[in-house]
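Lettering follows sequence order; numbering is per chain, from 1.
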Amino acid sequence: MFNQRIKIKQLLSGTATGTEVVVMGWVRTFRNNQFIALNDGSTNANIQIVASLGEFDDAILKRITTGASLKITGTVVESLGKGQTVEVKATSIEILGDSDAEKYPLQPKKHSLEFLREKAHLRFRTNTFGSVFRIRHSLAFAVHQFFNDRGFLYLHTPIITSSDAEGAGEMFRVTTLPLEGAPKNDAGEIDFTQDFFGKSTNLTVSGQLEGELGAMAFSDIYTFGPTFRAENSNTTRHLAEFWMIEPEVAFNDLEDNMNLAEDFIKHLIAYVMKNNIDDLQFLDTRLAEEEKQLPTEKRSGLGLIEKLKFVVENGFERITYTEAIEILLNSTHYKKKKFTYDIKWGIDLQSEHERYLVEQHFKKPVIVTGYPAAIKAFYMRMNDGCEPGKETVAAMDILAPGIGEIVGGSQREERLEKLEARMNAMHIPLQEMSYYLDTRRFGSVPHAGFGLGFERMVQFVTGMTNIRDVIPFARTPKNCEY
RNA sequence: UCCUCCUUAGCUCAGUUGGUUAGAGCACAUCACUGUUAAUGAUGGGGUCCUCCGUUCAAGUCGGAGAGGGGGAGCCA
């Protein structure tokens with residue numbers, strides 16, 4: 001058997017001195033022709049391998065370059081140096097893979113995130129991305145743990161869908177028809193009856209509608225899968241391909257929904273704080289150094305770990321849309337005319353408004369409920385007893401410092417007549433959505449759910465400011481490498 | 001899609017009112033040193049100044065167009 005190695009994380013967590021070990025990994029630095037900092041991705045901490053002078057051929061030593069992969073056999077010993085408590089005194093060094101020092105792009109120095117973004121296949125080997133992607137993994141695990149512990153069923157909703165009425169954004173078409181000379185029907189339109197599925201299909205923009213179908217049988221379901229939006233969005237918080245978590249719960253109202261979302265977010269953060277504290281500490285330090293470059297007013301004030309701790313330990317602020325508008329209208333920020341966009345009841349809150357509420361006014365996550373019906377999706381439940389012209393829906397958005405909207409959700413409209421009326425008003429074809437309306441026809445129940453953008457959650461927990469740095473291979477307009 | 005900023009060595013960046021041979025640190029190579037912590041010291045190699053067009057005696061520097069990237073906005077998660 002080739003692989004009898006010990007992982008560096010395990011080795012560093014208390015292997016007795018004198019133990020014979022095999023370690024494998026990639027060279028981070030090679031100092032003084034004697035000291036190899038070896039990393040295997042299990043942790044940012046390197047194990048120092050000592051290649052004592054005179055014990056190894058120059059031909060081997062020359063091949064120990066940054067990025068090269070090694071198999072080391074040796075003994076765990078107490079370190080004579082100051083930077084580490086233990087090290088491995090090598091008895092054999094095997095070069096598994098050479099790395100041409102002149103051509104290897106990563107150097108033992110700080111690289112810009114922009115540069116590393118273009119070297120996405122190698123950036124995993126850096127401390128920053130090592131930490132980010134270990135945390136991303138932990139968050140994904142914690143998602144499943146949270147819902148499994150609560151008896152939710154993980155429902156796999158389709159990636160390819162024929163439903164185009166969700167209205168969540170521009171869709172990527174899926175077709176096997178030829179680009180040139182696609183078959184046309186009598187009306188001169190492309191004839192999708194000849195397409196692979198016999199109809200027009202797209203990549204999903206949300207699993208919610210299918211999720212609702214599952215919730216109407218299993219009571220509590222969640223989805224966690226890739227989602228695709230063909231929006232021409234060029235921002236630090238949008239991707240064309242991203243992962244979304246969408247729980248859908250029968251018998252829940254809006255308040256249950258908010259409680260679930262808040263518990264969920266707190267669970268994710270607490271899990272990472274428990275299981276990835278060394279990675280968080282690395283990112284915390286990194287962020288603090290980055291913030292030193294910023295002018296005082298742009299600094300966040302709280303360190304990364306402090307911020308996470310604060311979120312876990314404090315309740316999210318809960319306000320209605322109407323209250324939010326009042327707060328904004330009464331703010332000195334508004335009176336000094338510092339908002340670009342006008343504020344009045346009925347507008348959709350702009351980024352600057354959300355940021356003001358979260359970062360200036362409350363300084364913590366805020367849940368805004370009861371948005372005007374006119375600016376929200378058809379499936380959201382109409383609130384009863386609204387003033388005419390000021391109809392609201394049982395929607396809720398969770399706004400987080402630094403990234404804005406992290407969760408969007410609602411209690412769904414379970415009353416068939418009201419739902420149909422709303423769909424008609426919004427020109428959504430009832431015929432195509434007949435399957436969806438069936439849930440309201442046969443044993444409809446109050447239910448609610450939300451969507452959480454997984455990458456935005458990773459951004460929040462890691463403090464990374466650009467969403468392209470929290471997904472292994474980002475897909476954005478005009479960019480689909482790898 | 002809109003606004004704005006940027007593009008000089010492998011990387012990070014400097015480059016004066018347009019002026020002669022475009023610099024630094026790191027990286028890389030060679031040598032020295034050898035318990036180093038992004039090792040150190042010496043020496044050396046390394047440039048389509050993003051591309052094209054224009055202004056000028058002269059363009060890395062000024063103007064225009066294009067490409068790529070960053071930040072912000074809209075759309076949203």
Whole Å only: how far is the [atom1] atom of [X] from the [atom2] atom of [N]?
X	N	atom1	atom2	result
A:Leu80	B:A39	CG	C1'	16 Å
A:Glu102	B:C11	CD	C1'	14 Å
A:Gln107	B:G46	CD	C1'	14 Å
A:Asn479	B:G70	CG	C1'	14 Å

Can you tell me how far [atom1] in [N] sits from the matching atom in [M], rounded to whole Å?
N	M	atom1	answer
B:U8	B:A59	C1'	14 Å
B:C11	B:A27	P	15 Å
B:G25	B:G64	C1'	36 Å
B:U61	B:G54	C1'	15 Å

task = Check step by step if salt bridge (Lys or Arg N to Asp or Glu O under 4.0 Å) holds for A:Asp40 and A:Lys9.
result = CA-CA 9 Å; A:Asp40 67 1; A:Lys9 185 178 184 180; over 6 Å; no

[N] - base-pair partner by Watson-Crick or wobble geometry, distances under 3.5 Å:
N	value
B:U1	B:A73
B:U12	B:A24
B:U40	B:A32
B:G45	none
B:U7	B:A67

Could you check whether [X] gets within reach of a base, just the sugar-phosphate, or nothing at all, counting any heavy atom under 4.0 Å?
X	result
A:Phe115	sugar-phosphate
A:Thr236	sugar-phosphate
A:Leu106	nothing
A:Glu87	base
A:Gln84	base
A:Lys82	base
A:Thr227	nothing
A:Arg117	sugar-phosphate
A:Asn466	sugar-phosphate
A:Tyr341	sugar-phosphate

When you get a sec, tell me which of [options] is the closest nucleotide to the side chain of [X]?
X	options	result
A:Gln34	B:A27, B:C76, B:U34	B:U34
A:Ser112	B:G74, B:G35, B:U12	B:U12
A:Lys109	B:U1, B:G25, B:C76	B:G25
A:Arg237	B:G35, B:C31, B:C76	B:C76
A:Asn32	B:A73, B:C33, B:G71	B:C33

Do the side chain of [X] and the base of [N] come within less than 3.5 angstrom through a donor-acceptor pair of N or O atoms?
X	N	answer
A:His238	B:C76	yes
A:Glu114	B:G71	no
A:Ser233	B:C75	yes
A:Gln350	B:G74	no
A:Asn33	B:U36	no

key: A:Ser351 side chain near B:G74 phosphate (N/O to OP1/OP2, under 4.0 Å)   =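 True: A:Ser351 side-chain N/O within range (under 4.0 Å) of B:G74 OP1/OP2.
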
key: Residue closer to the 5' end of RNA chain B, A:Arg468 versus A:Met244 (nearest nucleotide)   =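 Nearest-nucleotide comparison on RNA chain B picks A:Arg468.
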
key: A:Glu352/A:Lys338 salt bridge by N-O under 4.0 Å criterion   =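 Judged by the 4.0 Å cut-off on N to carboxylate O distance, A:Lys338 and A:Glu352 do not form a salt bridge.
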
key: CG-CD distance between A:Leu399 and A:Glu359, expressed to the nearest 0.5 angstrom   =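 One finds 10.0 Å between CG of A:Leu399 and CD of A:Glu359.
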
A:Ser410 side chain to A:Lys376 side chain, donor-acceptor N/O pair below 3.5 angstrom =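 No donor-acceptor contact under 3.5 Å links the two side chains.
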
